[in-house]
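Computed from a predicted model, the values in this text were never measured in an experiment.
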Amino acid sequence: MVSANILICDLVGLRFDARGMPDFSETKAHIEARGGLFHETGIDMAGPLESGRLHFFYQPDLSTREELLAAAGDGQYDAVIAAATFIPAEAKFRLGGVRIGAGTGNMGSASWGGGSGNGGEAPLMNTPGINSRATAQMAMKALLKVRPDLPVDDLHRLVAEGNFDTGKQLRDYPTAKLEGKKLAVIGYGNIGRELAKLGQAFGMRVAIHARPHRRKWIELEGFDYAADLVEAARGADALSVHVGLGAFDAEKQRHANAGLIGDAVFAALNPGAVVINYDRGELVDVAALRRALDTGRVDHAAIDADLFKDPTTGALSGPMLPYLALLDEHGDRLELLPHAAADTDHPSRVAGARQAVDQIFAAIVDRQLFNLKGTLPGGYTDMGARVPDGVGGIRSSTLLALAGNQAEAEALASSSAKIASFFERASGGSKQELQDQIRAEGEAVAEALNRLATLLRKHGLTGPFA
């Protein structure tokens, strides 16, 4: 039996329990069902530990560098599960770490070579897709708060006061719908794709910039492919960025994608555009954003980035810090969140924590790695990606499961066959023959089209083949 000690240094549940504390009970139950032991304390206070078990030590209040190094600077823990907490390079975890969420920029331990996972002796993993829908929906909410630009609060107040005449005054409040507007999405990962689908549902024209090998799948989903950032932004009414920070350049002391959204991108937007960065604060050139706000090229910016406060000195740090300097001039056109978009949904956090626990068990007990970031350490087997159903495209496991589900497989086959038969016969006939065929079969074909569309949505049968 394998023995290991795992530090959990972030909340694994966000809904409050009867004690008024964030509820970790679902994750605890999952650990115990897997045969692990859950300790609501640090290893130094746990007393004698049972051998042959995986021990999980829940310490969500660890946040500062000093606290992390005191707890894990000398290799007291074999592995770590984190969400937003920054793991310093000196913190040692010989058996690896898992980040709840997609980005791993905060996973700085040298045990796996820092946030990229390139180097070191231990594996770095993440849980992609777990909170992608929550993040995409929050990004869409940020857009919907300002577009359409109907002053809902003012109208509510006037109505509540009985101080409004629809026939005379409504003309003074023109607005515009999202349909037909252009949404530029930078990145075709799980979050970018989910946001693109939401924009598409609102009737927006969606342009996506991603690597060239993604072009086929982007266009198959009905989006426009943009070969570069400026092309994606050209004529866009809203832009949302969803890419990672990229590799860290030690010489320049910056990540490859830092400042990615700069003057050239802002200049290509439609005047009065909305910019959303719910990924990494460093992706936007803040000085360029100031200039775009000054000129009105950007009318509103919504930013979601980490902000940390030293408990002793009160000093602030983190990628949100540069944006605070914009508040004096443009505070009424900014919405700043402390990296809350993906990290405040209880079901998403629990799902991510449970998956992180499963990945820790697989890594330590079976030497199998799911959702590996960076290089593969010796002695492990890379098992590929593991994401929630319907997120990230079409997977072979989904097709296998459907092939084994006779009722659903037959429904897909019969609907597809009816549609194919109709259009194969319709394509070669005269106009009169086509009209006769539509009168005879049109309703049945419409039923088949709707049934097929529903089945495709139900089983997540859209997007790239993963």
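Here the closest heavy-atom approach between residue G129 and residue N190 is recorded as N-ND2, 3.4 Å. Annotation for G463 and Y188: closest pair CA-OH, 4.4 Å, computed over non-hydrogen atoms. Pairing each heavy atom of K197 with each of F223, the nearest pair is N-CZ, 4.0 Å. A pairwise comparison of heavy atoms in A207 and A232 identifies CB-O, 4.3 Å as the closest pair.
In this structure a side-chain-to-backbone donor-acceptor pair under 3.5 Å is present from T454 to N450. In terms of modelled atom types and a separation under 3.5 Å, the side chain of R94 and the main chain of S111 share no donor-acceptor contact. Remark: the backbone N or O of L293 is paired with a side-chain donor or acceptor of R333 at under 3.5 angstrom. Judged by distance alone, with hydrogens and angles left aside, the side-chain atoms of R99 form a donor-acceptor pair with the main-chain N or O of G103 at under 3.5 Å. Checked by atom type and distance alone, the side chain of S132 never pairs as donor or acceptor with a backbone atom of I191 at under 3.5 Å. At least one donor-acceptor pair under 3.5 Å links the side chain of T375 to the backbone N or O of G119. Side-chain N or O atoms of D74 include none that pairs as donor or acceptor with a backbone N or O of Q76 at under 3.5 Å. Checked by atom type and distance alone, the side chain of T104 pairs as donor or acceptor with a backbone atom of G115 at under 3.5 Å. Listed for the N371 side chain is a donor-acceptor partner under 3.5 Å among the backbone atoms of R386. Panel note: side chain N126, backbone K373; no donor-acceptor pair is recorded below 3.5 Å.
Residues satisfying the side-chain contact (heavy atoms from CB on, under 4.5 Å) test with E408, not counting sequence neighbours, are L402, N405, L455, K458, H459. Remark: A233 pairs with L239, V265, A268, L269 by the side-chain contact (heavy atoms from CB on, under 4.5 Å) rule, at least two apart or across chains. Every residue two or more places apart in sequence or in another chain that forms a salt bridge (charged side-chain N to carboxylate O under 4.0 Å, His left out) with R215 is listed here: E219. Considering only residues two or more places apart in sequence or on other chains, N5 meets the side-chain contact (heavy atoms from CB on, under 4.5 Å) condition with I43, L49, H55, F57, Y77, D78. Judged as a side chain to side chain donor-acceptor pair (under 3.5 Å), and not counting sequence neighbours, D366 has no contacts. Take E90 and apply the side-chain contact (heavy atoms from CB on, under 4.5 Å) test, not counting sequence neighbours, and it matches R65, L69, P88. For the salt bridge (charged side-chain N to carboxylate O under 4.0 Å, His left out) test, no residue two or more places apart in sequence or in another chain qualifies with R211. By the salt bridge (charged side-chain N to carboxylate O under 4.0 Å, His left out) test, K216 pairs with no residue at all, sequence neighbours left out. Under the salt bridge (charged side-chain N to carboxylate O under 4.0 Å, His left out) criterion, R53 pairs with E50, not counting sequence neighbours.
Side-chain N/O atoms of Y380 and R367 include a donor and acceptor closer than 3.5 Å. Counting only N and O atoms by type, the side chains of D306 and H339 include a donor and acceptor under 3.5 Å apart. At a cut-off of 3.5 Å, with distance as the only test, no side-chain donor of D23 or H346 sits close to an acceptor on the other residue.
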- Message: What verdict does the side chain to side chain donor-acceptor pair (under 3.5 Å) test give for H242 and R280, after you've listed the backbone C-alpha separation in whole Å, the side-chain angles of each residue and the deciding distance to 0.1 Å?
- Response: CA-CA 8 Å; H242 300 284; R280 291 287 177 264; over 6 Å; no
- Residues V146, D299; criterion side-chain contact (heavy atoms from CB on, under 4.5 Å); working and verdict: CA-CA 10 Å; V146 292; D299 180 68; 5.9 Å; no
- Do T85 and D10 pass the side chain to side chain donor-acceptor pair (under 3.5 Å) test, and can you show the C-alpha distance, the side-chain angles, and the key distance before you say yes or no? CA-CA 7 Å; T85 298; D10 272 297; 2.9 Å; yes
- Verdict with reasoning, I6 to I81, per side-chain contact (heavy atoms from CB on, under 4.5 Å): CA-CA 7 Å; I6 300 96; I81 294 173; 4.3 Å; yes
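In this structure, T64 OG1 and K309 NZ are separated by 14.5 Å, a value rounded to the nearest 0.5 Å. Separating the OG atom in S416 from the CG atom in L452 is a distance of 4.5 Å, to the nearest 0.5 Å. Between atom CD of residue Q368 and atom OG1 of residue T381 there is a gap of 6.0 Å, rounded to the nearest 0.5 Å. Atom NE2 of residue H209 and atom CD of residue E231 lie 9.5 Å apart, to the nearest 0.5 angstrom. Of the inter-residue distances, the one linking N257 atom CG with L283 atom CG reads 6.5 Å to the nearest 0.5 angstrom. The OG atom of S3 lies 8.0 Å from the CG atom of L54; values are rounded to the nearest 0.5 Å.
Here the side chains of D17 and S25 are not in contact, with every heavy-atom distance at 4.5 Å or above. Between P22 and F16, some side-chain heavy-atom pair lies under the 4.5 Å cut-off. Residues Q137 and L198 meet the side-chain proximity criterion, which asks for heavy atoms closer than 4.5 Å. At least one side-chain heavy atom of L289 sits under 4.5 Å from a side-chain heavy atom of V298. Looking at heavy atoms from C-beta onward, V12 lies out of side-chain contact with E26 at the 4.5 angstrom threshold. K181 places none of its side-chain heavy atoms less than 4.5 Å from the side chain of R205.
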Under 3.5 Å, which donor-acceptor pairs do the side chains of residues 314-329 form with other protein atoms, sequence neighbours left out?
residue, atom, partner, partner atom, Å
Y323, OH, G281, O, 2.7
E329, OE2, R290, NH1, 2.5

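Ion pairing of D149 with R147 is absent here, as no side-chain N (NZ or NE/NH1/NH2) approaches a carboxylate O to less than 4.0 Å. The existence of a salt bridge linking R34 and D358 is confirmed by a sub-4.0 Å separation between a basic side-chain nitrogen and an acidic carboxylate oxygen. With respect to R451 and E410, no salt bridge is recorded, no charged nitrogen being found less than 4.0 Å from a carboxylate O. By the 4.0 Å N-to-carboxylate-O rule, R291 lies close enough to D263 to be salt-bridged with it. Salt-bridge formation is detected for the pair E221/R193: a Lys NZ or Arg NE/NH1/NH2 atom is positioned less than 4.0 Å from an Asp or Glu carboxylate oxygen.
Contacts classified as ring pair (Phe, Tyr, Trp, His ring centres under 6.0 Å) and involving residues 354-377 (residues at least two apart or in different chains) are given here: F56-F361. Screening residues 120-134 for salt bridge (charged side-chain N to carboxylate O under 4.0 Å, His left out), with sequence neighbours left out, gives R133-E194.
Other residues, nucleotides and ligands place no more than 12 heavy atoms under 6.0 Å from the CD atom of Q406.
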